[in-house]
Amino acid sequence: MNKGKRELNILMVTPRYFPYIGGIETHVYEVGWRLARAQIRVTVLTTDVSGELPRTEMVEGVQVIRVPAWPTNKDYYLAPDIYRIIAEGQWDLVHCQGYHTFVAPLAMFTAKRAGIPYVVTFHSGGDLSRFRTMFRGAQRTALRPLLARAERLIGPSKWEVEFFREKLHLAKERFAVIPNGSHHVPKLAGSSQATRNGKLVVSIGRLVQYKGHHRVIAALPKVLEQIPDVRLRIVGTGPYETVLQRMTKELGVEKYVEIRAIPPGDADGVASIIAQANLVTLLSEHEAQGIAVLEALSLKRPVLVANTTALQEFAERGLARSVPLESTPEEVAAAIIHQLRDPLVPVNVELPTWDKCAADLLALYQSIV
């Protein structure tokens, strides 16, 4: 990535950051240190509901500032100190990462009032409750005046950009598509690392209901009837873990299922698990792009996705097989068995990288500042 024309002072505002795990956290981490190496001053402003994390620290050249947030048991992230830090800083540009909590509107309002240009990456995802889903339309309407003042609105996929362009009724020129990246691990990519001790299915993502891990578990009994040596590894953390564990016991498949996370920032650990997989699944209700799918494709692993939101783009491009979101466990099982016995593994596919993602953001920042 080329170095910037001058040193820019960029503030990225995100509800959560490492050691918490998730798509936004991964995105901010991966582009943050790359921009810092390109001689950009990058500061991450985030929240800490626990009160136990360092208030400030340096992570691979990126300054991290954490402010208290409330309530401690919800993901609203009310953090009034965000106003002070943005208003008192000498920022060239504020980049709001995510729009779905109270962090983004406060950051946008403060930047607007302070005369600081700002951009927003939506990072839209599924919701933890049906009430949240019903509320999203009203939320977008309420945020439209602030979103309309952004220098650019960014989505990682064409689907997300088109979705928000239609919902917000804003001109196409206000939007930019900057895909997330994948880690290319030469020693693993394209190798025959898939496990030979049975068939391994891997499902990656936060342990929340909309991510769809339960759909794979529900299908597992039928898969076992056809492929007795299949195993399922669920990679992630979250509040839905107890439900998933209980589900494995009720279905009598607990000895075939392992639920365990990988430490944040351990890209090699995630890549190693994916490389061992005979199949990677992401049966999520809503994805802005699907970082786990990119990782799997970069390692030439077969993928099964839900035919919904941005995930359908992978199926349309012939990169993955898909199954309708409303499929029965039997139908999901049939799709899993098909991908295990006759895997679709695309070759010679050019995938986005984190280097390209960071370079595109740098070019956008420079064009605005």
Side-chain angles (χ1 to χ4, degrees), residues 1-50 52-69 77 79 81-98 101 103-104 106-108 110-111 116-121 123 151-152 154 156 178-183 262-270 291 352-366 368-369:
M1 184 168 55
N2 294 328
K3 292 186 177 182
K5 296 177 181 178
R6 71 173 180 84
E7 186 179 63
L8 301 178
N9 192 12
I10 305 297
L11 179 69
M12 291 191 182
V13 187
T14 176
R16 306 197 321 167
Y17 189 64
F18 287 172
Y20 299 111
I21 302 173
I24 298 180
E25 296 87 337
T26 298
H27 173 94
V28 175
Y29 170 78
E30 295 293 349
V31 300
W33 68 260
R34 286 172 168 84
L35 289 169
R37 288 189 180 182
Q39 306 304 310
I40 305 299
R41 290 181 60 190
V42 180
T43 302
V44 172
L45 175 57
T46 188
T47 71
D48 175 22
V49 296
S50 72
E52 298 175 354
L53 299 174
R55 287 296 181 94
T56 63
E57 65 176 330
M58 189 68 69
V59 179
E60 297 197 48
V62 175
Q63 178 74 26
V64 179
I65 302 174
R66 296 183 179 90
V67 297
Y77 300 109
D81 284 355
I82 287 175
Y83 182 96
R84 173 182 56 81
I85 292 173
I86 294 178
E88 295 178 358
Q90 300 298 314
W91 317 110
D92 289 317
L93 183 128
V94 172
H95 189 162
C96 298
Q97 300 279 5
T101 71
V103 169
L106 178 57
M108 288 188 284
T110 309
I116 305 170
Y118 61 91
V119 300
V120 180
T121 299
H123 295 294
E151 296 291 335
R152 201 76 84 247
I154 305 167
I178 300 180
N180 290 312
S182 59
H183 298 96
I262 296 294
D266 186 4
D268 289 343
V270 174
I291 294 176
T353 66
W354 286 117
D355 287 345
K356 181 66 163 56
C357 180
D360 287 348
L361 283 176
L362 175 57
L364 181 67
Y365 295 161
Q366 291 174 335
I368 293 170
V369 176

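All figures in this text were calculated on a predicted structure; none of them were measured in a lab. Any value given below was found using the heavy atoms of this structure, including those in side chains, with hydrogens, waters and symmetry copies removed. Throughout, residue positions are numbered sequentially from 1 according to the sequence presented.
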Visitor: Just verifying a value: how many Å separate Leu361 CG and Ile40 CD1, rounded to the nearest 0.5 Å?
Guide: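 Answer rounded to 0.5 Å: 11.0 Å.
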
Visitor: Where do Leu106 and Thr110 land on the side chain to side chain contact (heavy atoms under 4.5 Å, CB included) test, with the steps shown first?
Guide: CA-CA 6 Å; Leu106 178 57; Thr110 309; 3.9 Å; yes

Visitor: For Gln63 and Arg41: C-alpha separation, side-chain torsions, deciding distance, then whether side chain to side chain contact (heavy atoms under 4.5 Å, CB included) applies.
Guide: CA-CA 8 Å; Gln63 178 74 26; Arg41 290 181 60 190; over 6 Å; no

Visitor: Between Ile154 and Leu364, is any pair of side-chain heavy atoms under 4.5 Å apart?
Guide: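 Contact flag for Ile154/Leu364 side chains = yes.
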
Visitor: So which heavy atom on Gly98 is nearest to which on His123, and how close?
Guide: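 Smallest heavy-atom distance, with atoms named: N-CD2, 3.5 Å.
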
Visitor: Between Ser182 (side chain) and Pro352 (backbone), is there a donor-acceptor pair under 3.5 Å?
Guide: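 Flag set: sc Ser182 to bb Pro352 pair under 3.5 Å.
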
Visitor: In Å, rounded to the nearest 0.5 Å, how long is the span from CD of Glu30 to CD of Glu60?
Guide: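 Taking CD in Glu30 and CD in Glu60, the distance rounds to 8.5 Å.
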
Visitor: Strictly distance-based, threshold 3.5 Å: is any side-chain N or O of Thr121 a donor or acceptor partner for the main-chain N or O of Gln97?
Guide: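 Side chain of Thr121 to backbone of Gln97: no pair is present.
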
Visitor: Would you compute the distance between atom CG of Leu35 and atom CZ of Arg37 and round it to the nearest 0.5 angstrom?
Guide: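 Result: 12.0 Å between the selected atoms.
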
Visitor: Just do the side chain to side chain contact (heavy atoms under 4.5 Å, CB included) check on Cys357 and His27 with the steps written out, would you?
Guide: CA-CA 9 Å; Cys357 180; His27 173 94; 3.8 Å; yes

Visitor: Does the pair Met12 and Val62 meet the rule for a side chain to side chain contact (heavy atoms under 4.5 Å, CB included), with working shown?
Guide: CA-CA 10 Å; Met12 291 191 182; Val62 175; over 6 Å; no

Visitor: Write down the atom of Ala69, the atom of Tyr77, and the distance for their closest heavy-atom approach.
Guide: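 Closest approach of Ala69 to Tyr77, heavy atoms only: CB-CA, 4.1 Å.
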
Visitor: Looking only at heavy atoms, which two atoms of Cys96 and Ala107 are closest? And how far apart?
Guide: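 Taking Cys96 first and Ala107 second, the nearest heavy atoms are SG-CB, 3.7 Å.
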
Visitor: Which class fits the ring pair Phe18 and Tyr29: parallel under 30°, tilted 30 to 60°, perpendicular over 60°?
Guide: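 Phe18 and Tyr29: tilted rings.
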
Visitor: Using the side-chain contact (heavy atoms from CB on, under 4.5 Å) rule, pick out the option among Asp81, Thr14, Ile86 that qualifies with Leu45.
Guide: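 Testing each of Asp81, Thr14, Ile86 against Leu45, the sole residue satisfying side-chain contact (heavy atoms from CB on, under 4.5 Å) is Ile86.
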
Visitor: Specify the closest pair of heavy atoms between Ala111 and Tyr118, including all atoms of both residues, with the distance to one decimal.
Guide: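 Minimum heavy-atom contact is CB-CD2, 3.7 Å.
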
Visitor: If we only count heavy atoms from C-beta on, is the Leu8 to Leu93 side-chain gap below 4.5 Å?
Guide: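 No, side chains not in contact.
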
Visitor: Determine whether Trp91 and Thr43 make a side-chain contact, defined as any pair of heavy atoms from C-beta on separated by less than 4.5 Å.
Guide: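 Yes, at least one pair of side-chain atoms sits under 4.5 Å.
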
Visitor: Please name the residue in the list Val119, Val120, Ile116 that meets the side-chain contact (heavy atoms from CB on, under 4.5 Å) test with Val94.
Guide: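 So the option named by the test is Ile116.
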
Visitor: How far does CZ of Arg34 sit from OG1 of Thr353, to the nearest 0.5 angstrom?
Guide: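 Arg34 CZ to Thr353 OG1: 7.5 Å, rounded to 0.5 Å.
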
Visitor: Say whether, by atom type as modelled, one donor and one acceptor occur between the side chain of Asn9 and the main chain of Gln90 under 3.5 angstrom.
Guide: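 Yes.
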
Visitor: Is there a donor-acceptor pair under 3.5 Å between the side chain of Arg16 and the backbone N or O of Glu25?
Guide: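 Judged by distance alone, no pair lies under 3.5 Å.
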
Visitor: Please report the closest heavy-atom contact between Thr46 and Tyr17, naming both atoms and the distance.
Guide: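 It is OG1-N, 3.5 Å.
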
Visitor: Would you say Tyr20 and Pro15 make side-chain contact, with heavy atoms under 4.5 Å?
Guide: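 They are not in side-chain contact.
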
Visitor: For Asp48 versus Leu53, what's the shortest heavy-atom pair and its separation?
Guide: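 Closest approach of Asp48 to Leu53: OD2-N, 3.1 Å.
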
